[in-house]
Chemist: 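Right, I'll just put the structure down here and ask away after.
This is a predicted model, so every value here is computed, not measured. Chain A is the first sequence line, chain B the second, and so forth, proteins listed ahead of strands; every chain is numbered from 1.
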Number of protein chains: 2
Amino acid sequence: MLKDSPEFTDHIGYWLRRVSNAVSSGFAAKLETLDVSVAEWVFMRLLYKRDPIPPSQVAEVMALTRGGVTKIADRLINKGYLVREDDPEDGRSQRLKLTAKGNQIVPKLAALADKNEAEYFAHLSAPEKRQLMALLQKTVEALGIDTVPIT
Amino acid sequence: MLKDSPEFTDHIGYWLRRVSNAVSSGFAAKLETLDVSVAEWVFMRLLYKRDPIPPSQVAEVMALTRGGVTKIADRLINKGYLVREDDPEDGRSQRLKLTAKGNQIVPKLAALADKNEAEYFAHLSAPEKRQLMALLQKTVEALGIDTVPIT
DNA sequence: TATTGTTATACTCTATAACTATA
DNA sequence: TATAGTTATAGAGTATAACAATA
(Lines give C-alpha, C1' and ligand atoms only; values in the text may rest on other atoms or scores of the structure.)
Protein backbone atom coordinates (compact mmCIF):
# COMPACT_ATOMS: atom_id res chain seq x y z
CA MET A 1 0.00 0.00 0.00
CA LEU A 2 1.02 3.58 -0.61
CA LYS A 3 2.34 5.00 2.63
CA ASP A 4 1.83 8.51 3.89
CA SER A 5 4.94 10.67 3.77
CA PRO A 6 7.11 10.29 6.86
CA GLU A 7 7.26 14.06 7.37
CA PHE A 8 3.59 14.05 8.24
CA THR A 9 3.32 11.10 10.56
CA ASP A 10 5.06 12.57 13.60
CA HIS A 11 1.95 14.27 14.96
CA ILE A 12 -0.21 12.82 17.68
CA GLY A 13 -3.16 14.45 15.94
CA TYR A 14 -2.51 12.39 12.84
CA TRP A 15 -2.60 9.06 14.67
CA LEU A 16 -5.49 10.17 16.80
CA ARG A 17 -7.55 10.85 13.73
CA ARG A 18 -6.65 7.56 12.11
CA VAL A 19 -7.67 5.54 15.15
CA SER A 20 -10.69 7.63 16.03
CA ASN A 21 -12.08 7.52 12.50
CA ALA A 22 -11.64 3.76 12.31
CA VAL A 23 -13.34 3.20 15.67
CA SER A 24 -16.15 5.61 14.83
CA SER A 25 -16.83 4.16 11.42
CA GLY A 26 -16.90 0.68 12.92
CA PHE A 27 -19.46 1.92 15.40
CA ALA A 28 -21.44 3.73 12.70
CA ALA A 29 -21.67 0.46 10.77
CA LYS A 30 -23.06 -1.31 13.84
CA LEU A 31 -25.59 1.45 14.50
CA GLU A 32 -26.68 1.30 10.89
CA THR A 33 -28.00 -2.23 11.45
CA LEU A 34 -30.64 -0.56 13.63
CA ASP A 35 -31.05 2.39 11.23
CA VAL A 36 -29.54 4.90 13.65
CA SER A 37 -26.77 7.41 12.86
CA VAL A 38 -24.01 8.39 15.27
CA ALA A 39 -25.55 11.85 15.61
CA GLU A 40 -28.89 10.29 16.48
CA TRP A 41 -27.22 8.01 19.03
CA VAL A 42 -25.43 10.91 20.73
CA PHE A 43 -28.68 12.85 20.75
CA MET A 44 -30.69 10.06 22.34
CA ARG A 45 -27.93 9.25 24.78
CA LEU A 46 -28.07 12.84 26.05
CA LEU A 47 -31.78 12.54 26.73
CA TYR A 48 -31.74 9.06 28.22
CA LYS A 49 -32.89 8.79 31.84
CA ARG A 50 -32.98 12.51 32.26
CA ASP A 51 -35.57 15.26 32.56
CA PRO A 52 -36.67 16.71 29.20
CA ILE A 53 -34.31 19.43 27.97
CA PRO A 54 -34.75 22.26 25.46
CA PRO A 55 -33.23 22.05 21.97
CA SER A 56 -31.00 25.00 22.79
CA GLN A 57 -29.25 22.94 25.46
CA VAL A 58 -28.80 20.00 23.10
CA ALA A 59 -27.26 22.43 20.60
CA GLU A 60 -24.81 23.65 23.21
CA VAL A 61 -23.66 20.22 24.34
CA MET A 62 -23.40 18.78 20.84
CA ALA A 63 -21.80 21.93 19.43
CA LEU A 64 -24.55 22.24 16.84
CA THR A 65 -26.60 25.22 15.70
CA ARG A 66 -30.26 25.27 16.66
CA GLY A 67 -31.12 24.57 13.03
CA GLY A 68 -29.01 21.42 13.14
CA VAL A 69 -30.78 20.24 16.28
CA THR A 70 -34.15 20.76 14.60
CA LYS A 71 -33.07 18.52 11.72
CA ILE A 72 -31.87 15.63 13.86
CA ALA A 73 -34.85 15.97 16.18
CA ASP A 74 -37.18 15.80 13.16
CA ARG A 75 -35.61 12.53 12.07
CA LEU A 76 -35.85 11.05 15.56
CA ILE A 77 -39.48 12.13 15.81
CA ASN A 78 -40.22 10.51 12.45
CA LYS A 79 -38.68 7.31 13.75
CA GLY A 80 -40.84 7.50 16.85
CA TYR A 81 -37.99 7.89 19.31
CA LEU A 82 -38.58 11.48 20.37
CA VAL A 83 -41.33 13.98 21.16
CA ARG A 84 -41.46 17.74 21.54
CA GLU A 85 -43.32 19.21 24.51
CA ASP A 86 -44.28 22.85 24.98
CA ASP A 87 -42.75 24.53 27.99
CA PRO A 88 -45.76 25.58 30.10
CA GLU A 89 -43.81 28.48 31.56
CA ASP A 90 -42.41 29.99 28.34
CA GLY A 91 -44.38 29.90 25.12
CA ARG A 92 -41.23 30.15 23.00
CA SER A 93 -39.54 27.19 24.58
CA GLN A 94 -39.79 23.45 24.17
CA ARG A 95 -38.65 20.33 25.92
CA LEU A 96 -37.34 17.26 24.10
CA LYS A 97 -38.14 13.86 25.58
CA LEU A 98 -37.53 10.27 24.53
CA THR A 99 -40.62 8.17 23.86
CA ALA A 100 -41.02 4.70 25.36
CA LYS A 101 -39.67 3.38 22.06
CA GLY A 102 -36.71 5.72 22.38
CA ASN A 103 -36.01 4.56 25.91
CA GLN A 104 -36.15 0.98 24.71
CA ILE A 105 -33.64 1.33 21.91
CA VAL A 106 -30.95 3.21 23.85
CA PRO A 107 -29.76 0.15 25.82
CA LYS A 108 -29.59 -1.81 22.56
CA LEU A 109 -27.42 0.90 21.05
CA ALA A 110 -25.31 1.00 24.20
CA ALA A 111 -24.72 -2.75 23.78
CA LEU A 112 -23.41 -2.05 20.27
CA ALA A 113 -21.10 0.61 21.72
CA ASP A 114 -19.81 -1.96 24.23
CA LYS A 115 -19.26 -4.48 21.48
CA ASN A 116 -17.40 -1.96 19.36
CA GLU A 117 -15.20 -0.92 22.25
CA ALA A 118 -14.29 -4.53 23.00
CA GLU A 119 -13.56 -5.18 19.35
CA TYR A 120 -11.34 -2.18 18.74
CA PHE A 121 -9.29 -2.26 21.92
CA ALA A 122 -8.90 -5.97 22.48
CA HIS A 123 -5.18 -5.75 21.70
CA LEU A 124 -4.47 -3.42 24.65
CA SER A 125 -3.83 -4.74 28.15
CA ALA A 126 -5.93 -3.41 31.01
CA PRO A 127 -3.14 -1.09 32.18
CA GLU A 128 -2.64 0.17 28.64
CA LYS A 129 -6.33 0.91 28.32
CA ARG A 130 -6.31 2.83 31.59
CA GLN A 131 -3.25 4.73 30.47
CA LEU A 132 -4.76 5.67 27.12
CA MET A 133 -8.03 6.72 28.72
CA ALA A 134 -6.19 8.77 31.34
CA LEU A 135 -4.14 10.61 28.73
CA LEU A 136 -7.25 11.38 26.70
CA GLN A 137 -9.20 12.56 29.74
CA LYS A 138 -6.30 14.73 30.81
CA THR A 139 -6.35 16.30 27.35
CA VAL A 140 -10.07 16.99 27.48
CA GLU A 141 -9.63 18.71 30.82
CA ALA A 142 -6.54 20.68 29.85
CA LEU A 143 -8.17 21.96 26.68
CA GLY A 144 -11.51 22.65 28.30
CA ILE A 145 -13.29 20.53 25.71
CA ASP A 146 -16.91 20.72 26.75
CA THR A 147 -18.78 19.35 23.80
CA VAL A 148 -19.77 15.85 22.76
CA PRO A 149 -18.69 14.98 19.23
CA ILE A 150 -21.19 13.82 16.67
CA THR A 151 -19.43 12.33 13.71
CA MET B 1 -22.67 22.55 31.58
CA LEU B 2 -24.86 19.51 31.06
CA LYS B 3 -22.74 16.44 31.55
CA ASP B 4 -22.96 13.28 29.52
CA SER B 5 -24.41 10.33 31.44
CA PRO B 6 -21.77 8.42 33.41
CA GLU B 7 -22.89 5.11 31.91
CA PHE B 8 -21.56 6.24 28.54
CA THR B 9 -18.23 7.74 29.44
CA ASP B 10 -16.33 4.58 30.26
CA HIS B 11 -15.32 3.86 26.67
CA ILE B 12 -11.95 4.74 25.20
CA GLY B 13 -13.75 5.36 21.91
CA TYR B 14 -15.82 8.08 23.53
CA TRP B 15 -12.80 10.04 24.78
CA LEU B 16 -10.91 9.40 21.60
CA ARG B 17 -13.68 10.99 19.59
CA ARG B 18 -13.94 13.98 21.89
CA VAL B 19 -10.23 14.72 21.67
CA SER B 20 -9.83 13.88 17.99
CA ASN B 21 -12.77 16.03 16.95
CA ALA B 22 -11.50 18.98 18.95
CA VAL B 23 -7.99 18.69 17.51
CA SER B 24 -9.33 18.23 13.99
CA SER B 25 -11.71 21.13 14.13
CA GLY B 26 -8.96 23.35 15.47
CA PHE B 27 -6.85 22.30 12.52
CA ALA B 28 -9.72 22.79 10.08
CA ALA B 29 -10.12 26.35 11.35
CA LYS B 30 -6.44 27.04 10.72
CA LEU B 31 -6.59 25.54 7.22
CA GLU B 32 -9.62 27.65 6.46
CA THR B 33 -7.51 30.81 6.76
CA LEU B 34 -5.82 29.60 3.56
CA ASP B 35 -9.10 28.41 2.03
CA VAL B 36 -8.16 24.73 2.20
CA SER B 37 -10.31 21.92 3.64
CA VAL B 38 -8.94 18.98 5.62
CA ALA B 39 -9.77 16.65 2.73
CA GLU B 40 -7.84 18.90 0.34
CA TRP B 41 -4.89 18.97 2.73
CA VAL B 42 -4.78 15.19 3.03
CA PHE B 43 -5.05 14.92 -0.73
CA MET B 44 -2.18 17.32 -1.43
CA ARG B 45 -0.07 15.81 1.33
CA LEU B 46 -0.36 12.44 -0.40
CA LEU B 47 0.94 13.88 -3.64
CA TYR B 48 3.67 16.06 -2.17
CA LYS B 49 7.23 15.20 -3.24
CA ARG B 50 6.12 12.06 -4.94
CA ASP B 51 5.67 10.76 -8.47
CA PRO B 52 2.23 11.46 -9.95
CA ILE B 53 -0.33 8.83 -8.95
CA PRO B 54 -3.67 7.79 -10.46
CA PRO B 55 -6.97 8.83 -8.85
CA SER B 56 -7.75 5.19 -8.13
CA GLN B 57 -4.78 5.02 -5.79
CA VAL B 58 -5.79 8.20 -4.00
CA ALA B 59 -9.25 6.68 -3.56
CA GLU B 60 -7.75 3.59 -2.00
CA VAL B 61 -5.52 5.42 0.48
CA MET B 62 -8.13 7.96 1.49
CA ALA B 63 -10.90 5.38 1.63
CA LEU B 64 -12.97 7.35 -0.86
CA THR B 65 -14.90 6.26 -3.92
CA ARG B 66 -13.50 7.30 -7.29
CA GLY B 67 -16.36 9.76 -7.63
CA GLY B 68 -15.31 11.41 -4.39
CA VAL B 69 -11.74 11.73 -5.61
CA THR B 70 -12.95 13.38 -8.82
CA LYS B 71 -14.81 15.98 -6.78
CA ILE B 72 -11.92 16.93 -4.51
CA ALA B 73 -9.49 16.88 -7.46
CA ASP B 74 -11.81 19.25 -9.35
CA ARG B 75 -11.71 21.71 -6.49
CA LEU B 76 -7.93 21.52 -6.20
CA ILE B 77 -7.59 22.02 -9.96
CA ASN B 78 -9.87 25.07 -9.78
CA LYS B 79 -7.65 26.47 -7.06
CA GLY B 80 -4.59 25.88 -9.21
CA TYR B 81 -2.95 23.34 -6.90
CA LEU B 82 -3.35 20.24 -9.05
CA VAL B 83 -3.24 19.01 -12.63
CA ARG B 84 -4.39 15.86 -14.39
CA GLU B 85 -2.03 14.18 -16.83
CA ASP B 86 -2.94 11.45 -19.29
CA ASP B 87 -1.11 8.18 -18.80
CA PRO B 88 0.80 7.68 -22.05
CA GLU B 89 0.65 3.92 -21.65
CA ASP B 90 -3.07 3.53 -20.91
CA GLY B 91 -5.63 5.81 -22.48
CA ARG B 92 -8.11 5.19 -19.66
CA SER B 93 -5.74 6.15 -16.91
CA GLN B 94 -4.55 9.45 -15.47
CA ARG B 95 -1.90 10.74 -13.15
CA LEU B 96 -2.50 13.47 -10.58
CA LYS B 97 0.32 15.90 -9.89
CA LEU B 98 0.73 19.01 -7.75
CA THR B 99 1.44 22.25 -9.60
CA ALA B 100 4.25 24.57 -8.54
CA LYS B 101 1.60 26.49 -6.61
CA GLY B 102 0.50 23.26 -4.98
CA ASN B 103 4.05 22.41 -3.98
CA GLN B 104 4.42 25.87 -2.51
CA ILE B 105 1.37 25.76 -0.29
CA VAL B 106 1.96 22.32 1.23
CA PRO B 107 4.80 23.48 3.54
CA LYS B 108 2.60 26.37 4.68
CA LEU B 109 -0.16 23.95 5.53
CA ALA B 110 2.33 21.68 7.26
CA ALA B 111 3.37 24.65 9.41
CA LEU B 112 -0.28 25.05 10.44
CA ALA B 113 -0.36 21.36 11.33
CA ASP B 114 2.74 21.83 13.49
CA LYS B 115 1.19 24.82 15.18
CA ASN B 116 -2.02 22.93 15.86
CA GLU B 117 -0.13 19.98 17.29
CA ALA B 118 1.86 22.21 19.62
CA GLU B 119 -1.28 23.99 20.72
CA TYR B 120 -3.35 20.92 21.48
CA PHE B 121 -0.75 18.80 23.22
CA ALA B 122 1.21 21.41 25.13
CA HIS B 123 -0.12 20.05 28.41
CA LEU B 124 1.49 16.63 27.93
CA SER B 125 5.10 15.94 28.91
CA ALA B 126 7.46 14.50 26.32
CA PRO B 127 7.17 10.98 27.80
CA GLU B 128 3.39 11.27 27.88
CA LYS B 129 3.35 12.30 24.24
CA ARG B 130 5.51 9.35 23.28
CA GLN B 131 3.29 7.05 25.30
CA LEU B 132 0.11 8.33 23.69
CA MET B 133 1.60 8.12 20.20
CA ALA B 134 2.87 4.60 20.88
CA LEU B 135 -0.53 3.39 22.08
CA LEU B 136 -2.21 4.89 19.03
CA GLN B 137 0.33 3.43 16.62
CA LYS B 138 0.01 0.04 18.27
CA THR B 139 -3.74 0.26 17.72
CA VAL B 140 -3.35 1.17 14.06
CA GLU B 141 -1.11 -1.84 13.57
CA ALA B 142 -3.22 -4.26 15.57
CA LEU B 143 -6.36 -3.29 13.70
CA GLY B 144 -4.69 -3.16 10.31
CA ILE B 145 -5.94 0.35 9.71
CA ASP B 146 -4.54 1.22 6.32
CA THR B 147 -6.37 4.36 5.33
CA VAL B 148 -5.75 8.02 5.98
CA PRO B 149 -8.75 9.77 7.48
CA ILE B 150 -10.24 12.82 5.85
CA THR B 151 -12.60 14.51 8.22
C1' DT C 1 -35.76 44.48 21.28
C1' DA C 2 -34.15 39.96 22.57
C1' DT C 3 -34.86 35.02 22.59
C1' DT C 4 -36.59 30.27 21.03
C1' DG C 5 -37.13 27.53 17.54
C1' DT C 6 -38.10 26.59 12.41
C1' DT C 7 -37.23 27.07 7.65
C1' DA C 8 -34.54 28.05 3.49
C1' DT C 9 -30.33 27.75 1.35
C1' DA C 10 -25.81 26.16 0.51
C1' DC C 11 -21.52 23.58 0.90
C1' DT C 12 -18.65 19.44 2.15
C1' DC C 13 -18.17 14.64 2.55
C1' DT C 14 -19.85 10.32 1.23
C1' DA C 15 -22.20 6.59 -1.43
C1' DT C 16 -24.50 4.27 -5.45
C1' DA C 17 -25.16 3.81 -9.96
C1' DA C 18 -25.30 5.09 -14.78
C1' DC C 19 -22.28 6.49 -18.33
C1' DT C 20 -18.02 7.20 -21.59
C1' DA C 21 -13.79 5.87 -23.32
C1' DT C 22 -10.37 2.61 -23.59
C1' DA C 23 -8.42 -2.01 -23.04
C1' DT D 1 -16.24 -7.85 -20.89
C1' DA D 2 -13.48 -5.36 -17.64
C1' DT D 3 -11.33 -1.17 -16.03
C1' DA D 4 -10.49 4.10 -15.25
C1' DG D 5 -12.62 7.96 -14.57
C1' DT D 6 -16.73 11.25 -14.72
C1' DT D 7 -21.31 12.59 -13.87
C1' DA D 8 -25.86 12.51 -11.66
C1' DT D 9 -28.29 12.00 -7.68
C1' DA D 10 -29.00 11.59 -2.88
C1' DG D 11 -28.40 11.92 2.07
C1' DA D 12 -25.97 13.38 6.37
C1' DG D 13 -23.75 16.95 8.85
C1' DT D 14 -22.82 21.75 9.21
C1' DA D 15 -23.37 26.89 8.76
C1' DT D 16 -25.71 31.40 7.92
C1' DA D 17 -29.51 34.02 7.71
C1' DA D 18 -34.37 35.14 7.37
C1' DC D 19 -38.54 34.33 9.75
C1' DA D 20 -42.58 33.66 13.31
C1' DA D 21 -44.00 33.57 17.87
C1' DT D 22 -43.29 34.96 22.35
C1' DA D 23 -41.06 37.57 26.06
Chemist: What's Thr65(A) touching, base or sugar-phosphate or nothing? Going by heavy atoms closer than 4.0 Å.
Modeler: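 The answer is base, as Thr65(A) lies within the cut-off (heavy atoms under 4.0 Å) of a base atom.
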
Chemist: Between Pro54(A) and Glu40(B), which is nearer to the 5' end of DNA chain C once each is assigned its nearest nucleotide?
Modeler: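 Between the two, 5'-proximity favours Pro54(A).
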
Chemist: Between Arg92(B) and Asp86(B), does any NZ, NE, NH1 or NH2 come within less than 4.0 Å of an OD or OE carboxylate oxygen?
Modeler: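 So Asp86(B) does not pair with Arg92(B) through a salt bridge.
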
Chemist: With a 4.0 Å cut-off on heavy atoms, is Asp90(B) in touch with a base, just the backbone sugar-phosphate, or nothing at all?
Modeler: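 Sugar-phosphate contact only - Asp90(B) comes under 4.0 Å of backbone atoms but never of a base.
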
Chemist: If each of Arg75(A) and Val69(B) is mapped to the nucleotide of DNA chain D with the nearest heavy atom, which maps nearer the 5' terminus, i.e. the 5' end?
Modeler: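 It is Val69(B), whose closest nucleotide lies nearer the 5' terminus.
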
Chemist: Does Ser93(B) reach a base, just sugar-phosphate, or nothing at all? Heavy atoms under 4.0 Å.
Modeler: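 Sugar-phosphate only.
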
Chemist: Report which part of the nucleic acid Ser56(B) touches: base, sugar-phosphate, or nothing (heavy-atom distance under 4.0 Å, all strands).
Modeler: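 Sugar-phosphate only.
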
Chemist: Nearest whole angstrom, please: distance from the C1' of dA12(D) to the CG of Asn78(A).
Modeler: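 Rounding to the nearest Å, CG of Asn78(A) and C1' of dA12(D) are 15 Å apart.
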
Chemist: Grab the CZ-P distance between Arg66(A) and dA2(C) for me, whole Å please.
Modeler: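 Going from CZ in Arg66(A) over to P in dA2(C) covers 14 Å.
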
Chemist: Once hydrogens and angles are ignored, does a donor-acceptor distance under 3.5 Å link the base of dT12(C) to the side chain of Lys71(B)?
Modeler: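 For Lys71(B), whose side chain was compared with the base of dT12(C), there is no donor-acceptor pair (under 3.5 Å).
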
Chemist: So what does Arg95(B) touch, heavy atoms closer than 4.0 Å: a base, only the sugar-phosphate, or nothing?
Modeler: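 The residue Arg95(B) makes no contact with any strand.
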
Chemist: If you assign each of Glu89(A) and Ala39(A) to its closest nucleotide in DNA chain D, which residue comes earlier from the 5' end?
Modeler: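 Nearer the 5' end of the strand: Ala39(A).
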
Chemist: Any side-chain N or O of Gln57(B) under 4.0 Å from OP1/OP2 of dA4(D)?
Modeler: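 For dA4(D), neither OP1 nor OP2 has a side-chain N or O of Gln57(B) closer than 4.0 Å.
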
Chemist: Quickly work out the Asp87(A) CG to dT3(C) P distance and round it to whole Å.
Modeler: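 After rounding, the gap between these two atoms is 17 Å.
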
Chemist: Roughly, in whole Å, what's the span from CD1 in Ile72(A) to C1' in dA15(D)?
Modeler: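 Answer to the nearest Å: 13 Å.
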
Chemist: Considering all heavy atoms of both residues, which atom of Ala28(B) and which atom of Val38(B) are nearest to each other, and what is their separation?
Modeler: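 Scanning both residues, the minimum pair turns out to be CB-CG2, 3.8 Å.
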
Chemist: Any salt bridge linking Glu119(B) with Lys30(B)? Criterion: basic side-chain nitrogen under 4.0 Å from a carboxylate oxygen.
Modeler: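 Judged by the 4.0 Å cut-off on N to carboxylate O distance, Glu119(B) and Lys30(B) do form a salt bridge.
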
Chemist: Minimum heavy-atom separation for Asp35(B) and Lys79(B), please, with both atom names.
Modeler: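 Looks like O-NZ, 2.7 Å.
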
Chemist: Send over the distance from Leu76(B) CG to dT6(D) P, rounded to a whole Å.
Modeler: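 Value for this atom pair: 13 Å.
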
Chemist: His11(B) and Asn116(A): side-chain donor and acceptor closer than 3.5 Å?
Modeler: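 Short answer, no.
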
Chemist: For a quick check, tell me whether the side chain of Arg92(A) and the base of dG5(C) share a donor-acceptor pair closer than 3.5 Å.
Modeler: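 It does not, because no donor-acceptor pair links the side chain of Arg92(A) to the base of dG5(C) below 3.5 Å.
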
Chemist: Can you measure Arg84(B) atom CZ to dA4(D) atom P for me and round it to whole angstrom units?
Modeler: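 The answer, rounded to whole Å, is 16 Å.
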
Chemist: Let's see if you can work this out: which of dT6(C), dT3(D), dT14(D) has an atom nearest to the side-chain heavy atoms of Leu64(A)?
Modeler: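 That would be dT14(D).
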
Chemist: Could you check how far CE of Met62(A) sits from P of dT14(D), rounded to whole Å?
Modeler: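 Nearest whole value for this atom pair: 7 Å.
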
Chemist: Could you tell me how far apart Asp74(A) (CG) and dT14(D) (C1') are, to the nearest whole angstrom?
Modeler: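 It is 16 Å, rounded to the nearest whole Å.
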
